[in-house]
There are 2 protein chains.
Amino acid sequence: MASPRRLTKQQTVVAATLALASRAVSAQELHERLVAKRGRIGLATIYRALEAQVAEGTASRVERTGHVTAYVACVPEHHHHLVCTSCQRVEDLSEVAFAPLIRAVRRRHGFQVDHAALDLYGICQTCHDAHPAGRPGAPSSHRR
Amino acid sequence: MASPRRLTKQQTVVAATLALASRAVSAQELHERLVAKRGRIGLATIYRALEAQVAEGTASRVERTGHVTAYVACVPEHHHHLVCTSCQRVEDLSEVAFAPLIRAVRRRHGFQVDHAALDLYGICQTCHDAHPAGRPGAPSSHRR
DNA sequence: ACCGTCATTGACAATGAGTATCATTCTCAT
DNA sequence: ATGAGAATGATACTCATTGTCAATGACGGT
Ligand SMILES: [Zn+2]
Ligand SMILES: [Zn+2]
Ligand SMILES: [Zn+2]
Ligand SMILES: [Zn+2]
């Protein structure tokens, strides 16, 4: 009784473009790309398509600095993300990597962690190597 | 050369109110409380005071559903948070609990995790006990 | 293939968190 | 006490995201 979920051009092209990106992309960025490559498409449609994909499990939300939500093409299996705050590239991290931590938190704090927010932001190998000596962005230890 | 950091009534009362809350509070919520208890105070002042505290290390940002940033009184030492998405209460989690995971991620993915986003959202012991048969809020497993 | 239903679309308006501005007020070193 | 300039607060503003609704299009039934 849920929803007949119709397969439209827009839903298809949004999903395809997101999958092609293989990195975190905001709704606005997707909109720009699609307008450039396929002509008019409503921004609201992008948001709705992304929301549908997140609900399906084929996409996942990640937070980006500046209060912007970005999206990543995803497999429905339960896993987590390593989001590079420099190049926006995303790596998947299996659920098992977190298992010990989640167990410890639950055992020692009685706290049931919700996986949804377990994305790890940081600097990927590639970006790290790109900044050998002089650090442009410093450690930025306690920043967002 | 940094900033002379002046001690004003506003900075003091914001810090005190945040510390008193012992849970995640948004800038808007703090503003409402302070207006109610102490008369006029600018919303922008709240934001500035909170930003200053975050920079100092005496407060930390956490994300709340609906694209809202909430703040928690904090100790400057490096640690992480368990944020209950039901009652907004926050527990501190020592850095050491994450060490093995961070090391593994770095070793296996070459990914340097930035601690700032390492807050864990979920259901605390108290809220979990308050829903025995699991009905009102359900697990909400894959949601934000 | 044709129809009719109704989910989806898209242009536009609206919301709302957060920021910029700037004249005024207040802190604090001298 | 005095002055430099940091902080305040009222306001306007930015902009990501959502709501609205008439028009469009997908698709099951025929
Ligand atoms: Zn993924
Ligand atoms: Zn990178
Ligand atoms: Zn803390
Ligand atoms: Zn709770």
Side-chain angles (χ1 to χ4, degrees), chain A residues 1-18 24-56 58-72 83 88 143-144, chain B residues 1-18 24-56 58-72 88 116 143-144:
Chain A
M1 205 50 184
S3 320
R5 305 292 165 71
R6 295 183 178 176
L7 182 60
T8 67
K9 303 183 190 67
Q10 292 87 345
Q11 299 280 337
T12 304
V13 72
V14 168
T17 306
L18 182 63
V25 185
S26 72
Q28 309 272 349
E29 290 171 346
L30 273 177
H31 186 234
E32 291 172 15
R33 294 188 193 184
L34 290 175
V35 167
K37 295 188 186 303
R38 314 232 347 171
R40 68 178 47 180
I41 182 172
L43 176 57
T45 299
I46 309 291
Y47 277 105
R48 285 184 292 239
L50 291 172
E51 183 186 349
Q53 286 196 67
V54 170
E56 265 185 1
T58 57
S60 184
R61 294 184 224 259
V62 297
E63 295 296 327
R64 184 183 290 187
T65 55
H67 319 102
V68 178
T69 299
Y71 299 79
V72 199
V83 184
Q88 301 299 321
R143 272 302 168 78
R144 286 249 163 190
Chain B
M1 200 57 183
S3 322
R5 307 292 166 72
R6 295 183 177 175
L7 181 61
T8 67
K9 303 183 191 63
Q10 291 86 347
Q11 299 280 337
T12 303
V13 72
V14 168
T17 305
L18 182 62
V25 185
S26 72
Q28 309 274 346
E29 289 171 347
L30 273 177
H31 186 233
E32 291 172 14
R33 295 187 191 185
L34 290 175
V35 167
K37 295 188 187 303
R38 314 235 342 175
R40 69 178 47 179
I41 182 171
L43 176 57
T45 299
I46 309 292
Y47 279 105
R48 286 185 290 239
L50 290 172
E51 183 185 350
Q53 287 196 65
V54 170
E56 265 185 1
T58 57
S60 183
R61 293 183 225 260
V62 296
E63 294 297 327
R64 183 183 292 185
T65 56
H67 319 100
V68 178
T69 299
Y71 300 80
V72 199
Q88 300 297 322
R143 274 300 168 82
R144 286 247 166 194

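Chain A is the first sequence line, chain B the second, and so forth, proteins listed ahead of strands; every chain is numbered from 1.
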Any N/O pairs under 3.5 Å between the protein and nucleotides 28-30 of chain C? List them or say none.
unit_1, atom_1, unit_2, atom_2, d
dC28(C), OP1, Leu7(B), N, 3.0

In dot-bracket form, 5' to 3', how is DNA chain C paired? Count Watson-Crick and G-U wobble pairs only if both distances fall under 3.5 Å, and write | where the partner sits on another strand. ||||||||||||||||||||||||||||||
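Residue Ile46(A) contributes atom CD1, which lies 20 Å from atom P of dC15(D) at whole-angstrom precision. Leu30(B) places its CG atom 17 Å from the C1' atom of dT8(D), with the value rounded to the nearest Å. Atom CD1 in Ile41(A) sits about 11 Å away from atom C1' in dT8(C), given to the nearest Å. What separates CD of Gln10(B) from P of dT25(C) is a distance of 14 Å, to the nearest Å. Rounded to an integer number of Å, the gap from Arg64(A) CZ to dC15(D) P is 16 Å. Taking atom CD on Glu51(B) and atom P on dT8(D), their separation rounds to 12 Å, with Å as the unit. When the C1' atom of dT15(C) is taken as reference, atom NE2 of His67(B) falls 13 Å away, rounded to whole Å. Taking atom CG on Leu34(B) and atom P on dG9(D), their separation rounds to 10 Å, with Å as the unit.
Note on Thr69(B): only backbone sugar-phosphate atoms sit closer than 4.0 angstrom, heavy atoms only; bases stay farther off. Contact annotation for Gln11(A): backbone-only contact, meaning every heavy-atom pair under 4.0 Å involves sugar-phosphate atoms and none involves a base. Using a 4.0 Å heavy-atom cutoff across all strands shown, Leu43(A) reaches at least one base atom of the nucleic acid.
Proximity note for Val68(B) (side chain, C-beta onward) versus dG18(C), dT9(C), dT8(D): the nearest is dG18(C). In the set dA26(D), dA17(C), dA11(C), dA26(D) carries the atom at the smallest distance from any side-chain atom of Lys9(A). For Thr45(A), the listed nucleotide lying nearest its side chain is dT9(C); candidates were dT9(C), dG18(C), dA20(C). Among the nucleotides dT8(C), dA10(D), dG18(C), the one closest to the side chain of Ala44(B) is dA10(D).
In this structure the side chain of Arg40(A) never reaches within 4.5 angstrom of the side chain of Val35(A), judged on heavy atoms. Counting heavy atoms from C-beta outward, Val14(B) and Gln53(B) have side chains that approach closer than 4.5 Å.
Interatomic distance, CD of Glu29(A) versus CD1 of Ile46(A), reported as 12.0 Å (0.5 Å rounding). Taking CD1 of Ile41(B) as the reference point, atom OG1 of Thr17(B) lies at 8.0 Å (rounded to 0.5 Å).
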Step by step, would you call Arg5(A) with Gln11(A) a side-chain hydrogen bond (donor to acceptor under 3.5 Å, both in side chains)? CA-CA 10 Å; Arg5(A) 305 292 165 71; Gln11(A) 299 280 337; over 6 Å; no
Should Leu50(B) and Leu30(B) be marked as a side chain to side chain contact (heavy atoms under 4.5 Å, CB included) after you check the CA-CA gap, both sets of side-chain angles, and the distance that decides it? CA-CA 10 Å; Leu50(B) 290 172; Leu30(B) 273 177; 3.8 Å; yes
For Glu63(A) and Thr69(A), run side chain to side chain contact (heavy atoms under 4.5 Å, CB included): C-alpha distance rounded to whole Å, both residues' side-chain angles, the deciding distance at 0.1 Å, then the answer. CA-CA 5 Å; Glu63(A) 295 296 327; Thr69(A) 299; 4.2 Å; yes
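Within 6.0 Å of CD on Glu51(A) lie no more than 12 heavy atoms contributed by other residues, nucleotides or ligands.
For Arg38(A) (side chain) and Val13(A) (main-chain N/O), no donor-acceptor pair under 3.5 Å exists by modelled atom type. The backbone N or O of Val68(A) sits nowhere less than 3.5 Å from a side-chain atom of His67(B) that would complete a donor-acceptor pair.
Residues Arg48(A) and Tyr71(B) each lie close to DNA chain C; by heavy-atom proximity, the contact nearer the 5' end of the strand is made by Arg48(A).
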